[in-house]
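Side chains are part of it too, since the values below use all heavy atoms of this structure and drop only hydrogens, waters and symmetry mates.
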Amino acid sequence: MRKRLSMRKLNMRTKHRWAVLRNMVTSLIYHERIMTTTARAKELRRVAEHMITYAKAGDLHNRRLAARVVREPAAVVKLFGILGPRYTDRSGGYTRIMKLGVPRRGDSADMCYIEYVDREGELRKAKPGSAATPEQASKYSSEFLEELD
């Protein structure tokens, strides 16, 4: 029976799993898009979105909470200086997971990209949220229909 377990085990012990997730969230903050396995990306999404939530608050307490997880001080500076202000109007859904069609060579693991939305050079544009005005929604639908033609 599952009993509401909080995380996937990822075939690692707890300390190793948290070390991997901390390293991956630091890399995601630096590069804003990384390629990993789908199971790791789904767990990384939870940690990465918590970091953005801390950065949106922006106070000293949240900075120290984020510094517990993020490995390098320069990544914390980028998190609070660039990524936090970028998502002030967005209430969740800061990351996107896009699956690749090709499995990893060697063990045939499902691979995907995980990236922050609303950034330059993203692979796919973010859909407007529920807070979008009707004008923005119609603009998005017309752009989408033009891309299909």
State, yes or no, whether a side-chain contact exists between [X] and [Y] at a heavy-atom distance under 4.5 Å.
{"X": "Ile34", "Y": "Leu44", "answer": "yes"}
{"X": "Leu100", "Y": "Tyr113", "answer": "yes"}
{"X": "His50", "Y": "Arg45", "answer": "no"}
{"X": "Asp59", "Y": "Arg63", "answer": "no"}

So if you build clusters from Ile, Leu, Val, Met, Phe, Trp, Tyr with side-chain heavy-atom gaps below 4.5 Å, do Met35 and Val20 land together?
-> no

Determine, using the 4.5 Å side-chain heavy-atom cutoff (strictly less than), whether Trp18 and Ile29 are members of one ILVMFWY cluster.
-> yes

Stepwise side chain to side chain contact (heavy atoms under 4.5 Å, CB included) check, His31 with Tyr116 | CA-CA 10 Å; His31 303 291; Tyr116 284 119; over 6 Å; no

Determine, step by step, whether Met51 and Leu28 satisfy the side chain to side chain contact (heavy atoms under 4.5 Å, CB included) criterion, reporting the C-alpha distance in whole Å, the side-chain angles of both residues, the deciding distance to 0.1 Å, and the verdict.
-> CA-CA 11 Å; Met51 296 302 109; Leu28 183 63; over 6 Å; no

Looking at Leu21 and Arg40, what are the two nearest heavy atoms and their distance?
-> CD2-O, 4.4 Å

Closest contact, heavy atoms only, Tyr30 versus Ala74 = OH-CB, 3.4 Å

May I have the step-by-step check of side chain to side chain contact (heavy atoms under 4.5 Å, CB included) for Ile82 and Val77, ending in yes or no?
-> CA-CA 8 Å; Ile82 296 172; Val77 170; over 6 Å; no

Short question: side chain of [X], backbone of [Y] - any donor-acceptor pair under 3.5 Å?
{"X": "Lys99", "Y": "Thr38", "answer": "no"}
{"X": "Lys42", "Y": "Ile97", "answer": "no"}
{"X": "Lys56", "Y": "Pro85", "answer": "no"}

Quick check: are there more than 12 heavy atoms from other residues, nucleotides or ligands sitting under 6.0 Å from CG of Asn11?
-> no

Count the heavy atoms belonging to other residues, nucleotides or ligands that lie under 6.0 Å from CE of Met98, then report whether that count exceeds 12.
-> yes

Who pairs with Tyr87 by ring pair (Phe, Tyr, Trp, His ring centres under 6.0 Å), at least two apart in sequence or on another chain?
-> Tyr94

Show your reasoning for whether side chain to side chain contact (heavy atoms under 4.5 Å, CB included) applies to Ile114 and Arg33.
-> CA-CA 6 Å; Ile114 181 168; Arg33 176 177 48 208; over 6 Å; no

Just jot down the side chain to side chain donor-acceptor pair (under 3.5 Å) partners of Arg96, sequence neighbours excluded, or say none.
-> Glu115, Glu122

Test side chain to side chain donor-acceptor pair (under 3.5 Å) applied to Thr95 - qualifying residues, sequence neighbours left out | Glu49

Please tabulate, for the side chains in residues 64-71, all donor-acceptor contacts under 3.5 angstrom to protein atoms that are two or more places apart in sequence or on a different chain.
{"residue": "Arg71", "atom": "NE", "partner": "Asn23", "partner atom": "OD1", "Å": "3.1"}

Contacts satisfying salt bridge (charged side-chain N to carboxylate O under 4.0 Å, His left out) that involve residues 13-31 (not counting sequence neighbours) are none

Taking only residues at least two apart or on different chains, which pairs with a member in residues 101-110 satisfy side-chain hydrogen bond (donor to acceptor under 3.5 Å, both in side chains)?
-> Arg104-Asp107

Residues Glu32 and Arg86 bridged, charged N to O under 4.0 Å = yes

